[in-house]
Amino acid sequence: MKAIYLAWLELRRFRGPWRRFAPAVLILVPLLYGALFLWSSWDPYGRTAQVPVAVVNSDRPADHNGEQINAGEQFVQQLRTTDTFQWHFVDAGTARSGLEDGRYYFTIRVPEDFSARLAQSTRSSPQRPAVLLTRNDANGHLAGIMADAARYELQNQINAAAYAAYARGLYGDLGEVRGKLGTASEVSEQLVQGTQLSKQSTGALARGLSGVRDGAGRVSGGVRDVAAASAELDDKLSSITDFTGQQLPATTDALLDASSSAVADLNSISGGAAAAQRQAGGSAGALEQLAQRHPDLADDPAYRSALADARRLASTTSALDGTARDAQRTAAEAQDRALALRDELAPLQEAANDLAEPASRLRLASAELTGGSGGLTQGVNALVANIGVAQTSSGQLNDGARRLADQVRDSLDRMPPAGPTEVARASSELGTPSAVRATTLNSADVYGRGVAPLFFAIALWVFGLFAYLLFTPLNQRALGGRTNPLSIAVGGLLPAAVLGVIGGLVLLGAMDLGLGLDPVDLPSAVGLIALAAAAFTAVNHFLRAAFGVVGGLVSVALLLVQIAASGGLYPVETAPAPFQALHAVLPMSYLVDGLRVAFTGGEPAHLARDAIVLGGVLVGFLVLTSLVVLRHRTWTIGRLHPQLEL
Amino acid sequence: MDVEGVSIVARGITATGPEGIVFENVDARVYPGELAVVLGEGGTGRTSLLLALSGRLRTVAGRIEIDEAPRRAGLVRKVVVPARLSPGFELDGRLRVREAVRERRITARVSAQDVDRALALVGVDVDRAALIDELYPDDRLLLAIALATAGGPPGIVVDDVTAGLLPSGRNRVWSALRAVADTGTTVLASATEPGSEADVLIRLPYNVVDFGDDTGGLPLFSSTAGEDLR
């Protein structure tokens, strides 16, 4: 209660038209310090589009395989489409002078040989095209660091431009190769078809030739038969000639003789026959007369047989007579014919002689024909054998052509297409052949949000520092009286601590609403800020109570050391060893760490640890201040007449 | 009023600061209920001597006896209450009178009646709602004296009684201090000129008291030039 009343009395001191606002202004100290700084540098990397940068394109287009490469212009066009920086496309002199007098933060120059080097890149000894980036740290070193950050972005754009040019060269060639491969593919298809036909026709030819071979074999057989027959014919004709020449006349003569004799014989036969007939007739008549005279005889068997015989003899001799006359007539005719034959024999002999000569020729020719047809058969056999080989070859040829066509088609399929869209996509993919995909746990998103913990910590510390310029650390009358030291210490701490907590929360609210700090764990942020405001104020309270003005200087020193050692900007590992050693023992390190967890996320265990440490700092320094109260109940001359006074 | 005052005896006390000796070899003897005035020019260590005699400043030599014996400084601070020490113990000009009264009641555990009686004793009647800074300097000092006297402490310390006061004011304050001393409270004051009411004068930079044989204590320093001011 005493402490609270002492604190209230301390606040009551601020009255009057202006003084009454002093605590309110004090509340705004963290806001002024933290908010102004964070506001000014909340997202510098997001606003680089406002940073003027000069771009100089000195590039001269180069020829490559008849195609013009103008990579510098392409790069410039690419830059125009981006708003990474505020590009000024100027000449070299303007860029240089602008960089020197601070109109540009840095310059980007595309050298004269940029395209030329690119054009060579598809050749055997490629040279890397380079773009020159010139900074002037007189314009601020951090601007240079921004340029460095932009360098990777630029690198990507240059790569894309370079690749586009490169790809135009390479893919231009590839397109040609692809076209030729296409033609080759078509031709090989035709080849396959052609060899297919050839294979089929050699098959047909082979089959046809087999027929020819059979035919030739048969021809040859026929020819041989013809030869044999003609030889036989010749022989037969020779014998015919002989026959007609020699045997036939003799025979004819003999025939004529025989027929003559026959005619003569037959005449005599005919006479005899006629005599016989008459006698037989007379015998038969005599018998009949007998019967008429002797009717009894008519029935007698012997008579009857004798009559029958006589009658048969009479008819036979009659027939014989007739036959003898016919034979006589026939013989006469034969004799006539034999005579005629003898007359006709001479022309026949001549004709037979005439026939013999062509028959001989025929025999000779057919002999030759036989020989020829033998050769023909052999030739046809050889031809058939060769056609077999040809058939096999054309089969292989067709297989080969087929494989060739397959391979050409395969190659064609594997050739990347080289249309403008494909080139564009390839250049964006291959222009940066690899990509780093970064994932951030508990991302701060913007610079300001990332460094906010440090500036909150600084703001709260600065508040503590300022607070005891205004507030009396210890109530002197209480110090001179009997009030217990802890009450006096708390009474001295409370007014500033309360305002500090309020000020810290005002800062938090302003950051959240104004800049979008958006802490992931708002209750923890509120709690930690309140605790830290109290703890930092307690430290400053102690320093002011114990050392007076010197304590303020110590506080400033501590602030600077803590900024350096808290790891709020760069990782503490990058700081020299003394800072790393101090890092663990300075309270600001824990506030920065804890606020990181509360603002952008992290390990809750850290938050708990940081809260415990800050609470410990608060309690510890309150105890220390109480000890100071005990000590201060006894004055010293040094305190009575301070060596330093504000 | 019947307060049992405190007796204060200092023998050859010396205090040093960062810039050397503040006062050196000072003797003093104050009996209970006396009004003792430390006299000296500015910078001769009047405040320091008051602090030392009220147990609020460490001396490097000599000895101080409170009620005839050396006491713990804490105990001395309890019995000898400051009304004003400048710098170090002054009413805050930006508080109202009632706030100052309340502060005193909190820090010294005295009742409102004690304060009223003390105010009546020193003869000051101020508007409780007024700011201390708005008070006349003599009223302001009398208020401080009254607040210190409230509850009847055995001794009070009042620094720089005459500073900034007109002669009439000075007389008022001296009278008030006389009245306080008359209640039995030992009053240690400092001034640049001796008040008419003073029982004992302690002159700075050098004050020598002839303690004689009755002290029973061991003289730590030989008394050279003795001058009994009583």
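Reminder, nothing fancy here: chain letters follow the sequence lines and each chain counts from 1.
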S.K.: Distance from B:Lys78 atom NZ to A:Arg482 atom CZ, nearest 0.5 Å?
M.R.: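 The distance works out to 7.0 Å.
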S.K.: Going by side-chain hydrogen bond (donor to acceptor under 3.5 Å, both in side chains), name the residues that satisfy it together with B:Asp116, two or more places apart in sequence or in a different chain.
M.R.: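 So B:Asp116 forms a side-chain hydrogen bond (donor to acceptor under 3.5 Å, both in side chains) with B:Arg128.
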S.K.: May I ask you to test the A:Thr625-A:Val490 pair for a side-chain heavy-atom distance under 4.5 Å?
M.R.: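 No; the side chains remain at least 4.5 Å from each other.
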S.K.: Quick one: sort the A:Phe471 and A:Phe14 rings into parallel, tilted or perpendicular, breaks at 30° and 60°.
M.R.: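 It falls in the perpendicular class, over 60°.
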S.K.: When only pairs under 4.5 Å are counted, which of A:Leu6, A:Thr483, A:Leu9 shares the most heavy-atom pairs with chain B?
M.R.: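 The answer is A:Leu9.
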S.K.: Listed by residue number, which members of residues 94-103 of chain B have a heavy atom under 4.5 Å from any heavy atom of chain A?
M.R.: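 B:Arg94, B:Leu95, B:Arg96, B:Glu99, B:Arg102, B:Glu103, listed by number.
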S.K.: Measure the acute angle between the ring planes of A:Tyr468 and A:His541, then classify it against the limits of 30° and 60° as parallel, tilted or perpendicular.
M.R.: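 It falls in the parallel class, under 30°.
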S.K.: Which atoms of B:Ala108 are under 4.5 Å from chain A, going by heavy atoms: the side chain, the backbone, both sets, or neither?
M.R.: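 Backbone only.
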S.K.: Report the option among A:Arg477, A:His632, A:Arg12, A:Arg633 that has the most heavy-atom pairs separated by less than 4.5 Å from atoms of chain B.
M.R.: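 Max contact count across the listed options: A:Arg477.
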S.K.: Let me know if B:Leu147 has heavy atoms under 4.5 Å from chain A in its side chain, its backbone, both or neither.
M.R.: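 Contact with chain A: none, neither part.
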S.K.: Name all residues meeting the side-chain hydrogen bond (donor to acceptor under 3.5 Å, both in side chains) criterion together with A:Asn484; count only those two or more places apart in sequence or in a different chain, and write none if there are none.
M.R.: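 By the side-chain hydrogen bond (donor to acceptor under 3.5 Å, both in side chains) rule, A:Asn484 matches A:Ser487.
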S.K.: Could you tell me which portion of B:Leu51 (side chain, backbone, both or neither) has an atom closer than 4.5 angstrom to a non-hydrogen atom of chain A?
M.R.: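 Contact with chain A is through the side chain of B:Leu51 alone.
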S.K.: Under 4.5 Å from any heavy atom of chain B, what part of A:Arg15 do you find: side chain, backbone, both or neither?
M.R.: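 When you check distances to chain B, only side chain atoms of A:Arg15 fall under 4.5 Å.
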S.K.: Measuring heavy-atom distances to chain B, does A:Leu479 have an atom under 4.5 Å in its side chain, in its backbone, in both, or in neither?
M.R.: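 Neither part.
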S.K.: Under the criterion side chain to side chain donor-acceptor pair (under 3.5 Å), I'd like the reasoning laid out for B:Glu68 against B:Ser7: C-alpha separation, chi angles, the key distance, then a yes or no.
M.R.: CA-CA 7 Å; B:Glu68 321 213 327; B:Ser7 75; 4.6 Å; no
S.K.: Checking heavy atoms, do the side chain of B:Val81, its backbone, both or neither come under 4.5 Å from chain A?
M.R.: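 For B:Val81, there is no contact with chain A at all, as no heavy atom is under 4.5 Å.
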S.K.: What is the distance from atom OG1 of B:Thr16 to atom CD1 of B:Ile21, rounded to the nearest 0.5 Å?
M.R.: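 It is 7.5 Å, given to the nearest 0.5 Å.
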S.K.: Under the side-chain hydrogen bond (donor to acceptor under 3.5 Å, both in side chains) rule, what pairs show up with a residue in residues 43-57 of chain B, not counting sequence neighbours?
M.R.: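 Checked against side-chain hydrogen bond (donor to acceptor under 3.5 Å, both in side chains) - neighbours excluded - the pairs reaching residues 43-57 of chain B are B:Arg46-B:Asp160, B:Thr47-B:Asp159, B:Ser54-B:Arg56.
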S.K.: State, yes or no, whether a side-chain contact exists between A:Phe463 and A:Leu499 at a heavy-atom distance under 4.5 Å.
M.R.: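 Of all side-chain heavy-atom pairs linking A:Leu499 with A:Phe463, at least one is under 4.5 Å.
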